[in-house]
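Notes to accompany the following structure.
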Number of protein chains: 2
Amino acid sequence: MSAGEQHGGRVTIRQVAVHAGVSEAAVSYALNGRPGVSEQTRARVLAAARELGWAPNIAARSLGTARANAVGMVLVRPPRVMVVDSFFTQMLSGVEAELNRAEVALVLHLVDAFEQTIDVYRRWYAGRAVDGVILTDLRHDDPRPAALRDIGLPGALIGGGPDDFDLCGLSSVDADVAGTARGILGYLRALRHRDVARVAGPADLLHTAQRDAAYAAAADDLGDLRYRVVHTNYSAADGMRATRELLSTAGPPTALVFDNDVMAAAALRVAHEMGLAVPADFSVVAWDDSDLCQITVPEITAMVQTPALQAELTARALLRALAGGEPTHVVLPAGTLTARGSTRPPKRLG
Amino acid sequence: MSAGEQHGGRVTIRQVAVHAGVSEAAVSYALNGRPGVSEQTRARVLAAARELGWAPNIAARSLGTARANAVGMVLVRPPRVMVVDSFFTQMLSGVEAELNRAEVALVLHLVDAFEQTIDVYRRWYAGRAVDGVILTDLRHDDPRPAALRDIGLPGALIGGGPDDFDLCGLSSVDADVAGTARGILGYLRALRHRDVARVAGPADLLHTAQRDAAYAAAADDLGDLRYRVVHTNYSAADGMRATRELLSTAGPPTALVFDNDVMAAAALRVAHEMGLAVPADFSVVAWDDSDLCQITVPEITAMVQTPALQAELTARALLRALAGGEPTHVVLPAGTLTARGSTRPPKRLG
DNA sequence: CTGAAAGCGCTAACAT
DNA sequence: ATGTTAGCGCTTTCAG
């Protein structure tokens, strides 16, 4: 609360200059921590700026430097179809953590249809509204990476890593899905489960495809484990549908693994409807952990993921790319399993 | 996909002008739908602009007009403490719906501590980063409205309406909390409940205070209904703590109402732990509805709210204020009750 | 190391 | 109805 703060905004660099008794250019240098000005002047300028409550005019700076100092994210409405709400908020938190550090703004844009996304990118690029974008929920044959390359707009990917997909020069940050899948199946196998079914997310998400491959490989490695999968749209209702389907087969699985926590919780209800008990009749594991996994009866065994960290590193990778760095591909450690009451050895051992 | 789109961005108004064979000013007029240019030229300009893939440079426009064409929201991290995740995403969706219509960008900013919010507002104002802000989760004696007035930054409130609070000239959009509270207690009373306890949100949220008053008044009106309340931090764990507390009293309530869906779901677990049955031993009602209320056993009776609409109208009110309009105070209809299996008449009728 | 001046792309007041 | 021009506030060359 220094003396001058009652001025309250809209102070120009010119006023700071006269206040400090130097030129506008000197102020600019001083404020941006550049050479070309003595330490003494710098100190005086900074003092004057603080005293007057100066803050840079975003538009003027952008216009001069041709940088928006902002990054954008386009989401498809409704969010719940693409990401679970809690995953989304954690992701947002991670992105912001990194952007705040760099004093870069986050511009959010929701579109009604996936196809509109690229138009937004084009507009953003043309208008220099953002310097780059962060992508999530890549789909099979997702047109966005190539579009970004064609447009010339930098980007970075949360998930949807390098394995089987042309990233078009974008950076990516993935979790170790192979390790996570091995962790889950290995854990169940150690409990003697030999028939595991998975209630997965939407088949067209790359995210899901990664897990498809990871689970299949992990099951293969174990050798004596039957593994099947049903895809859903991530909603509770669809998860229940899939769960019912799997449990209604002749020779139902002894363990069900879910691609998110909501569907896992919903499975407990299905069990109840079908007169089955968890974990007596079948075990349940959720890929993501959340409060939800701890308010059910029984509590749900879950793989703890780090979406906020993943998002934070993605934002960092984008900022590096904006600074001229090469694309990077980070893989975070596999999730850690928290065993709870929803898992135990199957009734009939194989 | 017109012919010229391969140009791909960064087209200036000057290029459009030469392409259309007119002056820069004429292009500006034509593009912004203003008088001062014939329909014929306008058409030609628009065609040229589309052909070249022109989009306005955000910074240049802002600098010229002294408007950012953006509104901001500052949230306190972690979001889950202040708003339930699903409420937050719905709110975001509503805000964006309105802003997109007006081609206004949304800038999101997360801070670690509530106190930092006003600094961000000040910086945003000084730098013309946003034209206005949307506030949520007003607290008791919240300093933000007055700060905005002092700073000179327009704003609008999601919730925290006009009743008992100096809004400092801000617009607000509220749900009819009084009506909702009456709806819930009336419904329970009609089932013959005469002893209802509430597991509420954080006491320092104005939001919660509104409900406190609404429930108290509704209980008073009914006359023969005992009502008590315990405040929580909205988390599942704290909700369970409060639920346990209430059910452990001598003469426990026959119905519990919850300020959010997560705590309501968590209460079912508490019931199980305590050897109680829902709705046999006590009924459960949630203020917000969500998928969660439909995957529990029993399903949870809930008040359906319209957070997206509330947020949308708030954004609209803000845009109106930016256009010079007077502050407005909208009150949305009370929530509608969806009765499910978690409620029924109490065992011992009063 | 410092000061003057040009220019980023647009809008809006001016002159034509 | 159209074209000319002067800024918006900042950064950044270029002389001093």
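None of these values were measured; they are calculated from a predicted model. Here is how names work: the chains are called A, B, and so on, in the same order as the sequence lines, proteins then strands, and each is numbered from 1.
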Proximity to DNA chain D (any heavy atom under 4.0 Å), residues of residues 59-69 of chain B only =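 Those residues are B:Leu63, B:Gly64.
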I want to check one thing: is the phosphate of [N], taken as OP1 and OP2, less than 4.0 Å away from some side-chain N or O of [X]?
X: A:Asn57; N: D:dC8; result: no
X: A:Ser38; N: C:dT2; result: yes
X: A:Ser23; N: C:dT2; result: no
X: A:Ser28; N: D:dT12; result: no

If you check the B:Val22 side chain, which of C:dG3, D:dT2, D:dG3 turns out closest?
->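 Comparing C:dG3, D:dT2, D:dG3 against the side chain of B:Val22, the answer is D:dG3.
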With the side chain defined as heavy atoms from C-beta on, A:Tyr29 is closest, among C:dG3, D:dC10, C:dC10, to C:dG3
Establish, for the pair B:Arg139 and B:Phe114, whether the NZ or CZ atom is under 6.0 angstrom from the six-membered ring centre and no further than 45 degrees off its axis.
-> yes
Could you tell me the separation between the [atom1] atom of [X] and the [atom2] atom of [N], rounded to a whole number of Å?
X: B:Ile13; N: C:dC8; atom1: CD1; atom2: P; value: 14 Å
X: B:Arg44; N: D:dT2; atom1: CZ; atom2: C1'; value: 11 Å
X: B:Glu39; N: D:dT2; atom1: CD; atom2: C1'; value: 15 Å
X: A:Leu31; N: D:dT12; atom1: CG; atom2: C1'; value: 15 Å
X: B:Glu24; N: D:dT4; atom1: CD; atom2: C1'; value: 10 Å
X: A:Arg42; N: C:dT2; atom1: CZ; atom2: C1'; value: 13 Å

Is there a side-chain contact between A:Thr136 and A:Met73, using heavy atoms and a 4.5 Å cut-off?
-> yes
Report, as yes or no, whether the 6.0 Å neighbourhood of atom CZ on B:Arg14 holds more than 12 heavy atoms from other residues, nucleotides or ligands.
-> no
Indicate yes or no for a side-chain donor-acceptor contact from B:Thr306 to the backbone of B:Leu309 under 3.5 Å, with no hydrogens or angles considered.
->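 Looks like no, no N/O pair under 3.5 Å.
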For the side chain to side chain contact (heavy atoms under 4.5 Å, CB included) test, which of B:Val173, B:Leu167, B:Asp174 pairs with B:His329?
->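 For B:His329, the side chain to side chain contact (heavy atoms under 4.5 Å, CB included) check succeeds only for B:Leu167.
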